[in-house]
Visitor: 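Can you read through this structure? Questions will come right after.
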Amino acid sequence: MNGSVSMDSSVLTRRVGLGIPAGLPFEEWHRVGQNLFLIADSSAWWLGDWLVYGEKSYPERYRRAIDESRLDYQTLRNYAWVARNVALSRRRDKLSFQHHAEVASLHPRDQELWLQRAERLGWSRNKLRKAIRESRGGVPEPAAPVRIVLNLPADRESLWREAAECSGASLQDWIQQVLDGAARSTVTGEEEADAVIAAVGDGRVLTMADG
């Protein structure tokens, strides 16, 4: 199966379903499934590249386009991060998007090395992850991200977004930076923690002191 996508002309594709005619031969049914798997995997790349382009070309309207997409923001951020860090020239059709995500944080030279090995040896994503970890001397994987939901008044959310834009960061990154600063200050006993926590409490624009 090559890297191109096509669909049997007798199969009707709609947003909410797939119309498969009665009596479709097994070979055609199987080919449709292969293409669906390819589309599902390719869509992560397509969205990632689309986001990276929009972020560079339309920085002021980029956020609105994402909000209108109704897709999960964190998922889109992950797609964009992998697409931004793994150049098109290093991507391999025979490996999944998840394979590439495993090497996205590595130097381009190391990305090429590991992707080449995974393709040649037919490694799964998990096998690739294990091999990379073992090459680092068995360093444990970072803890899985934890999702935290904040219920905010609309004016508070707008204020935070404005502060994030002023600092040149995404809302999520800005919140993380501010709260990390508050946490460090709390642990070290510095007075900054009280100031940051108070700012969160009354909705003032938050600022980050050098850590």
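Small disclaimer: the values here were computed from a predicted structure and weren't measured. This chain uses plain numbering: 1 for the first residue, then up along the sequence.
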Visitor: Please give me the minimum heavy-atom distance between G48 and A83, naming the atom from each residue.
Guide: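 Minimum heavy-atom separation between G48 and A83: C-CB, 3.5 Å.
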Visitor: Can you find a heavy atom in the side chain of Q34 that is under 4.5 Å from one in the side chain of L38?
Guide: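 Result no, sub-4.5 Å side-chain heavy-atom pair not found.
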Visitor: Establish whether L179 and W160 are linked, either directly or via other cluster members, by ILVMFWY side-chain heavy-atom contacts under 4.5 Å.
Guide: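 Yes: a chain of side-chain contacts under 4.5 Å links L179 to W160.
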Visitor: For the pair H30 and F26, name the ring-plane relationship: parallel under 30°, tilted 30 to 60°, perpendicular over 60°.
Guide: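 Because their plane-to-plane angle is under 30°, the rings of H30 and F26 count as parallel.
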Visitor: Quick one, L51 and D49 - any side-chain contact, counting heavy atoms below 4.5 Å?
Guide: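 No; the side chains remain at least 4.5 Å from each other.
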Visitor: Could you check, using the six-membered ring where one of them is a Trp, whether W114 and H99 have ring centers closer than 6.0 angstrom?
Guide: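 They do not qualify: ring centres at least 6.0 Å apart.
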Visitor: Could you state the interatomic distance from OG (S42) to CG (L47), rounded to the nearest 0.5 Å?
Guide: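 Rounded to the nearest 0.5 Å, the OG-CG separation comes to 11.0 Å.
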Visitor: Treating Ile, Leu, Val, Met, Phe, Trp and Tyr as nodes and any side-chain heavy-atom pair under 4.5 angstrom as an edge, say whether L76 and V52 lie in one connected cluster.
Guide: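 No, it is not one cluster - the side chains of L76 and V52 are not joined through contacts under 4.5 Å.
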Visitor: Can you establish whether the number of heavy atoms outside R120 located under 6.0 Å from its atom CZ is more than 12?
Guide: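 Counting neighbours around CZ of R120, more than 12 heavy atoms of other residues, nucleotides or ligands fall under 6.0 Å, so yes.
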Visitor: Under a 4.5 Å cut-off applied to non-hydrogen side-chain atoms, are V103 and L128 in contact?
Guide: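 When only atoms from C-beta onward are counted, L128 and V103 do touch, with a gap below 4.5 Å.
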Visitor: Would you check if the distance from the ring center of Y53 to the ring center of W50 is below 6.0 Å?
Guide: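 Y53 vs W50: aromatic centres not under 6.0 Å.
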Visitor: Any non-hydrogen side-chain atom of Y79 less than 4.5 Å from a side-chain atom of W46?
Guide: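 No, every pair of side-chain atoms sits at 4.5 Å or beyond.
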Visitor: Could you state whether I66 and Y58 fall into the same hydrophobic cluster, counting links through intermediate Ile, Leu, Val, Met, Phe, Trp or Tyr residues with side-chain heavy atoms under 4.5 angstrom apart?
Guide: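 No, it is not one cluster - the side chains of I66 and Y58 are not joined through contacts under 4.5 Å.
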Visitor: Answer yes or no: is there a side-chain heavy-atom contact under 4.5 Å between R125 and H100?
Guide: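 Not touching, per the 4.5 Å side-chain cut-off.
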Visitor: Find out whether S105 and W81 are in side-chain contact, i.e. whether some heavy atom of one side chain is under 4.5 Å from a heavy atom of the other.
Guide: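 Sidechains of W81 and S105: in contact.
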Visitor: Between R129 and E102, does any NZ, NE, NH1 or NH2 come within less than 4.0 Å of an OD or OE carboxylate oxygen?
Guide: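 Salt bridge flag = yes for R129 with E102.
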Visitor: Look at R92 together with E119 and state whether they make a salt bridge at an N to O cut-off of under 4.0 Å.
Guide: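 Looking at E119 together with R92, the answer is yes, because their closest N to O distance falls below 4.0 Å.
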Visitor: Below 4.5 Å, heavy atoms only, C-beta onward: do V82 and W45 meet side chain to side chain?
Guide: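 Heavy-atom side-chain distance check passes, below 4.5 Å.
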Visitor: Counting only heavy atoms not in K127, do more than 12 sit closer than 6.0 Å to its NZ atom?
Guide: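 Counting neighbours around NZ of K127, more than 12 heavy atoms of other residues, nucleotides or ligands fall under 6.0 Å, so yes.
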Visitor: Going by an N to O cut-off under 4.0 Å, is there a salt bridge joining E157 and R161?
Guide: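 Salt bridge flag = yes for R161 with E157.
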Visitor: Looking at N85 and A104, what are the two nearest heavy atoms and their distance?
Guide: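 The answer is CB-O, 3.3 Å.
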Visitor: Linking I/L/V/M/F/W/Y whenever their side-chain heavy atoms sit closer than 4.5 Å, directly or via other members, would L106 and L113 fall into one cluster?
Guide: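 L106 and L113: separate clusters.
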Visitor: Using 0.5 Å steps for rounding, measure from the CZ atom of R84 to the CZ atom of R77.
Guide: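 So the CZ of R84 and the CZ of R77 are separated by 8.5 Å.
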Visitor: If we ignore hydrogens and angles and just use 3.5 Å, is the side chain of S57 paired with the main-chain N or O of G54 as donor and acceptor?
Guide: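 The answer is no, because no donor-acceptor pair under 3.5 Å joins these two groups.
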Visitor: Determine whether W123 and L115 make a side-chain contact, defined as any pair of heavy atoms from C-beta on separated by less than 4.5 Å.
Guide: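 Of all side-chain heavy-atom pairs linking L115 with W123, none is under 4.5 Å.
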Visitor: Taking it one step at a time, do L18 and L36 satisfy side chain to side chain contact (heavy atoms under 4.5 Å, CB included)?
Guide: CA-CA 10 Å; L18 193 68; L36 289 174; 3.8 Å; yes
Visitor: Report whether L121 and I132 are members of the same hydrophobic cluster (ILVMFWY, side-chain heavy atoms less than 4.5 Å apart, transitive linking).
Guide: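 Same hydrophobic cluster.
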